[in-house]
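By convention in this document, chain letters (A, B, ...) are assigned in the order of the sequence lines, proteins followed by strands, and residues within each chain are numbered from 1.
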Amino acid sequence: MAKNLVIVESPAKAKTIEGYLGKDFVVKSSFGHVRDLAKKGEAIDIANDFAPRYEVSPDKKQVVADLKKLVKVAETVWLATDEDREGEAISWHLYETLGLDKKETKRITFNEITKAAVLKAIDSPREINKELVDAQQARRILDRLVGFELSPVLWRKVRPSLSAGRVQSVAVKLIVEREKEIEAFKGDFFYKVNGIFTAENGRFKAEVSQQLKSEKEVESILESCKGANFKVSDVAMKPAIKKPVAPFTTSTLQQEASLKLGFSVSRTMSVAQRLYEAGHITYMRTDSVNLSETALDAAQNEIEKAYGKEFSNRTKYTTKDTGAQEAHEAIRPSDFGKHSINGESEQERLYDLIWKRAISSQMSDAKLERTTIKVNAAGVDETFQAKGEVIKFEGFLKVYLESNLDDEDEDETDSGLLPAVSKGDLLDANEIKITQRFSRPPARYVEASLVKKLESLGIGRPSTYAPTITTIQKRGYVEKPDREGEERTYSQWKLSNDKIERKELTEVTGREKNKLAPTDIGVVVTDFLSEHFVTIMDYNFTAKIEKEFDEIAKGLMDWTKMLKEFYTPFHTNVEDTLENSERATGERELGIDPASGRKIIARIGRFGPMIQIGDEQVDGEKPQFASLRTNQSINSISLEEALELFQFPKNPVSYTHLTLPTIYSV
DNA sequence: CAGTGAGCGAGCTTCCGCTTGACTT
């Protein structure tokens, strides 16, 4: 029998570590937390310094039983869970649950899974850090208090079965606020001027940087360009460098997999999980961009072998986010020598992305030369500009270029090669084109951009980004409606061979898929919470309490005191809201029913968004009701559309708003 | 599922963060 029992969080990690340690060690996994606050009854004794009541989670009963057996025969138990707040708490819960003996228990940590790191950890054990554990207990209890006191307020004031929480409610708020910005957006248009010019060595496209505001300006420019003699008025060349970016964290992996592979956040995580279990990559839930020394060596080796010494540039990245806990390495291939793997297509593609990102992070800067050509003509007031970029040395661009979430389907800027020209060269203007363009409303979030935003606010953790997105959709706060988009017309003028031609063209705008938009319920709940629970809904709330958790972890603050200071005003606020606030229905008056002269309102009813004609209190007659259809919302439905809902009462229409909890199916 | 908008009054829902399978479709 093994003398030593090592407990880590993940079974795949256990397997790896067992290989590093000798015959005397058996390594097992706890599968994450084994205990949590009681699900039912009083889990927190608020009057008694928030004393928590923990119980072994139902799905961990077997794990705990198995570990107990191994503890009995082991001489020493090594608690080797992660080096962060949650990891420390897991060790403490194991210690308590397994009834460990302090003399025979050792706490060890390592934030990279390498033989050297593990052996070093075994050489320098410590005790469980109770202050760090207390910080976790404060975090856990605060989240329970917020979630389990706020949700029932919603049941009473909005609709049953709804939920609220420190993370999810703010995630929904981001989406609601973005939608309000879009609604408030006033579209504008302008005119953009382009020219295609031919020089001795080739053609290039150049544009005028200022935007024209009126057709009058358009026409006067075109007139001035007629027969004008264009020439190169300036050529400027500037060297530039592009730097690679850090290897993946969970959040950046989710973003890139979304952009480059079209994966949803949860799909990325499940594919990564399989890569991890197969031993192809390091752990996929991490907020660290750090690479171990062994990994740096391996990457450098591989780059020098595959591309040459000049492509290697060993770089240590550091995490800027203050909330990061850095219990693991960045996400990287276990073996940099494997440029690709064989497996299911999505695993191959995600691995390819991870390999390229990690390798490129250790490669040299790309050297570029940026060229700007200015084109002018006598009699033409505007300056045309062409910008080009030439790669002088590829560096990391040989393997990888990061995508950008913000500039999808933006007009492509011609940044390729420009022909060699010199100042004073004469040019032929093949075509001057002026196109009407439109300003764009703020973009709706996609899953990955929401994760990016949450991470930048320090809200949520690598292990919760994907589940949070699932939750807010399951609760019916947000959805991803398919939008067909609308056709719009725009004008375009072309000047060639001294002839001006004007055309009216059409394009489709606003076509969308997979964009997150709030439902009526999402809007009503967010407005309600924002009005009554300003503190919780503040984007800085998490950051603020994280600072206090850090104080607790450092032993500078007492965790029960921190909770008390938070809870006392919060609870008063809850009571006050329950007693004094109106039901939140998102009611909006649409107008008067022409047939009956009664008032028409849109609001959230017991079964979701609906239209109501009349009010029994006011006109003494029973009101009429109709549910909104899919893609209709309280905020945008018109009086006409509302009346239409009463025209065909027997028509079967889809009522997807009515994704209701089972209680109502009775 | 059907297609409501409650004069029954019992008991239910809910949080965040750490982990994987065991379930269906």
Side-chain angles (χ1 to χ4, degrees), chain A residues 7-14 29-37 39-40 43-44 57 59-60 62-63 81-82 84-91 93-94 136-156 158-171 269-270 273-274 276-277 283-285 325 327-328 459-468 471 474-475 536 542 545 585 603-616 622-627 629 645 649-655 657-658 660-666:
Chain A
I7 306 177
V8 296
E9 277 154 88
S10 143
K13 191 166 158 182
S29 140
S30 74
F31 296 85
H33 275 294
V34 294
R35 282 204 313 190
D36 191 16
L37 290 173
K39 196 98 180 71
K40 300 243 179 300
I44 304 162
S57 317
D59 56 332
K60 298 295 162 54
Q62 191 57 52
V63 175
T81 54
D82 293 346
D84 59 10
R85 199 165 65 205
E86 296 297 326
E88 201 69 19
I90 291 173
S91 276
H93 281 302
L94 284 168
Q136 193 274 349
Q137 296 199 85
R139 197 281 303 156
R140 178 65 190 95
I141 290 167
L142 183 140
D143 280 336
R144 166 62 66 88
L145 291 170
V146 170
F148 277 35
E149 294 214 4
L150 233 38
S151 299
V153 177
L154 295 180
W155 304 342
R156 286 265 304 275
V158 186
R159 218 169 83 177
S161 299
L162 294 174
S163 65
R166 175 176 58 81
V167 172
Q168 60 169 283
S169 294
V170 179
M269 292 315 283
S270 81
Q273 175 85 31
R274 277 177 280 149
Y276 168 67
E277 282 166 7
Y283 198 57
M284 64 280 152
R285 289 187 275 265
Q325 308 201 5
H328 303 95
I459 298 169
R461 303 279 311 133
S463 66
T464 60
Y465 296 137
T468 298
T471 300
K474 217 163 85 188
R475 297 272 175 275
I536 306 289
T542 291
I545 57 168
T585 63
R603 66 176 178 92
I604 302 274
R606 176 151 288 224
F607 303 101
M610 63 162 198
I611 302 294
Q612 177 178 346
I613 303 183
D615 182 336
E616 197 158 10
K622 282 249 183 270
Q624 280 184 282
F625 301 99
S627 288
R629 286 182 199 159
L645 294 172
K650 299 279 174 269
N651 235 11
V653 288
S654 63
Y655 291 92
H657 282 301
L658 309 185
L660 275 172
T662 39
I663 343 161
Y664 283 101
S665 63
V666 190

Peer 1: In chain order, what residues pass the salt bridge (charged side-chain N to carboxylate O under 4.0 Å, His left out) check against A:Glu88, with sequence neighbours excluded?
Peer 2: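 Checked A:Glu88 against salt bridge (charged side-chain N to carboxylate O under 4.0 Å, His left out); matches are A:Arg107, A:Arg126.
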
Peer 1: Let me confirm one number: the CD1-CD1 distance from A:Ile545 to A:Ile536, rounded to the nearest 0.5 Å.
Peer 2: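 Going from CD1 on A:Ile545 over to CD1 on A:Ile536, the span is 8.0 Å.
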
Peer 1: Students often get this wrong, so: under 4.0 angstrom with heavy atoms, is A:Ala164 touching a base, only sugar-phosphate, or nothing?
Peer 2: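 The residue A:Ala164 makes sugar-phosphate contact but no base contact.
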
Peer 1: Syn or anti for B:dG7, with syn set at within 90° of 0?
Peer 2: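 Syn, angle within 90° of zero.
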
Peer 1: Which nucleotide in the list B:dG17, B:dT14, B:dC16 gets nearest to the side chain of A:Asp143?
Peer 2: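 The answer is B:dC16, which lies nearest to the side chain.
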
Peer 1: Please determine whether a side-chain nitrogen or oxygen atom of A:Thr464 lies at a distance below 4.0 Å from atom OP1 or OP2 of B:dG17.
Peer 2: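 Yes, A:Thr464 has a side-chain N/O under 4.0 Å of OP1/OP2 on B:dG17.
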
Peer 1: Verify the contact: side-chain N or O of A:Arg156 to OP1 or OP2 of B:dT13, cut-off strictly under 4.0 Å; return yes or no.
Peer 2: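 False: A:Arg156 side-chain N/O out of range (4.0 Å or more) of B:dT13 OP1/OP2.
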
Peer 1: Kindly write out the residues that satisfy side-chain hydrogen bond (donor to acceptor under 3.5 Å, both in side chains) with A:Arg156, not counting sequence neighbours, or none if the list is empty.
Peer 2: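 None.
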
Peer 1: From the options B:dG5, B:dG17, B:dC15, select the nucleotide whose nearest atom is closest to the side chain of A:Arg139.
Peer 2: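 My answer, after comparing the listed nucleotides, is B:dG17.
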
Peer 1: Which residues satisfy the side-chain hydrogen bond (donor to acceptor under 3.5 Å, both in side chains) test with A:Lys60, sequence neighbours excluded?
Peer 2: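 With neighbours one apart ignored, the set is empty.
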
Peer 1: Go nucleotide by nucleotide along DNA chain B from the 5' end; which of A:Arg603 and A:Val146 gets its closest nucleotide reached first?
Peer 2: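 On the 5' side of the pair lies A:Arg603.
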
Peer 1: How would you label the contact of A:Leu162 with the nucleic acid (heavy atoms, under 4.0 Å): base, sugar-phosphate, or nothing?
Peer 2: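 Here A:Leu162 touches the backbone only, sparing every base.
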
Peer 1: Is A:Gln168 near enough to B:dC16 that one of its side-chain N or O atoms lies under 4.0 angstrom from OP1 or OP2?
Peer 2: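 So the side-chain polar atoms of A:Gln168 do come within 4.0 Å of the phosphate oxygens OP1 or OP2 of B:dC16, strictly under.
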
Peer 1: Base, sugar-phosphate, or nothing for A:Gly87, non-hydrogen atoms under 4.0 angstrom?
Peer 2: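 Counting heavy atoms under 4.0 Å across all strands, no contact is made by A:Gly87.
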
Peer 1: Grab the stems for DNA chain B, please: at least three consecutive Watson-Crick or wobble pairs, both distances below 3.5 Å, written as range with range.
Peer 2: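 Stems for DNA chain B, defined as runs of 3 or more consecutive pairs: none.
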
Peer 1: Atom CZ of A:Arg603 and atom CD1 of A:Ile611: how far apart are they, to the nearest 0.5 Å?
Peer 2: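 The CD1 atom of A:Ile611 is 10.5 Å from CZ of A:Arg603, to the nearest 0.5 Å.
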
Peer 1: For every nucleotide of nucleotides 20-25 of chain B, 5' to 3': is a protein heavy atom under 4.0 Å from its base (B), only from its sugar-phosphate (S), or from neither (-)?
Peer 2: S-----

Peer 1: When you measure from the side-chain N and O atoms of A:Arg166 to the phosphate of B:dG17, is any distance below 4.0 Å, counting only OP1 and OP2?
Peer 2: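 Yes, within the criterion.
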
Peer 1: I want to check one thing: is the phosphate of B:dC15, taken as OP1 and OP2, less than 4.0 Å away from some side-chain N or O of A:Ser163?
Peer 2: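 The answer is yes; a side-chain N or O of A:Ser163 sits under 4.0 Å from OP1 or OP2.
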
Peer 1: Mind checking what makes side chain to side chain contact (heavy atoms under 4.5 Å, CB included) contact with A:Pro623, not counting sequence neighbours?
Peer 2: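 With sequence neighbours excluded, A:Pro623 shows a side chain to side chain contact (heavy atoms under 4.5 Å, CB included) to A:Gln612, A:Glu616, A:Phe625, given in chain and number order.
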
Peer 1: Output the single nucleotide from B:dT13, B:dC18, B:dT14 whose closest atom is nearest the side chain of A:Lys40.
Peer 2: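 From the listed options, B:dT13 comes nearest.
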
Peer 1: Looking for any heavy atom pair under 4.0 Å, which part of the strands does A:Thr471 touch: base, sugar-phosphate only, or nothing?
Peer 2: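 It contacts sugar-phosphate atoms only.
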
Peer 1: Please tell me if A:Arg144 has a side-chain N or O lying less than 4.0 Å from either OP1 or OP2 of B:dG17.
Peer 2: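 No.
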
Peer 1: Is a salt bridge present between A:Glu149 and A:Arg144, judged by a nitrogen-to-oxygen distance below 4.0 Å?
Peer 2: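 Answer for the salt bridge query: no.
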
Peer 1: Measure from the side-chain N and O atoms of A:Ser151 to the backbone N and O of A:Ser163, and report whether any donor-acceptor pair falls under 3.5 Å.
Peer 2: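 Between the backbone of A:Ser163 and the side chain of A:Ser151 there is no qualifying donor-acceptor contact (under 3.5 Å).
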
Peer 1: Over all strands shown, is A:Gly32 touching base, sugar-phosphate only, or nothing at heavy-atom distances under 4.0 angstrom?
Peer 2: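 Base contact.
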
Peer 1: Would you classify A:Arg475 as touching base, sugar-phosphate or nothing, given that sugar-phosphate means primed atoms plus P, OP1 and OP2, and contacts are heavy atoms under 4.0 Å?
Peer 2: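 Sugar-phosphate only.
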
Peer 1: Work out which heavy atom in A:Val63 is nearest to a heavy atom in A:Ser30; give both atom names and the distance.
Peer 2: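 The answer is CG1-O, 3.9 Å.
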
Peer 1: Could you pull out the closest heavy-atom pair between A:Ser161 and A:Trp155, with the gap in Å?
Peer 2: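 Closest approach of A:Ser161 to A:Trp155: N-CD1, 3.3 Å.
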
Peer 1: Regarding B:dC18, can its base be found pairing with the side chain of A:Arg461 as donor and acceptor, where the two atoms are less than 3.5 Å apart?
Peer 2: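 Check fails, no donor-acceptor contact within cut-off.
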
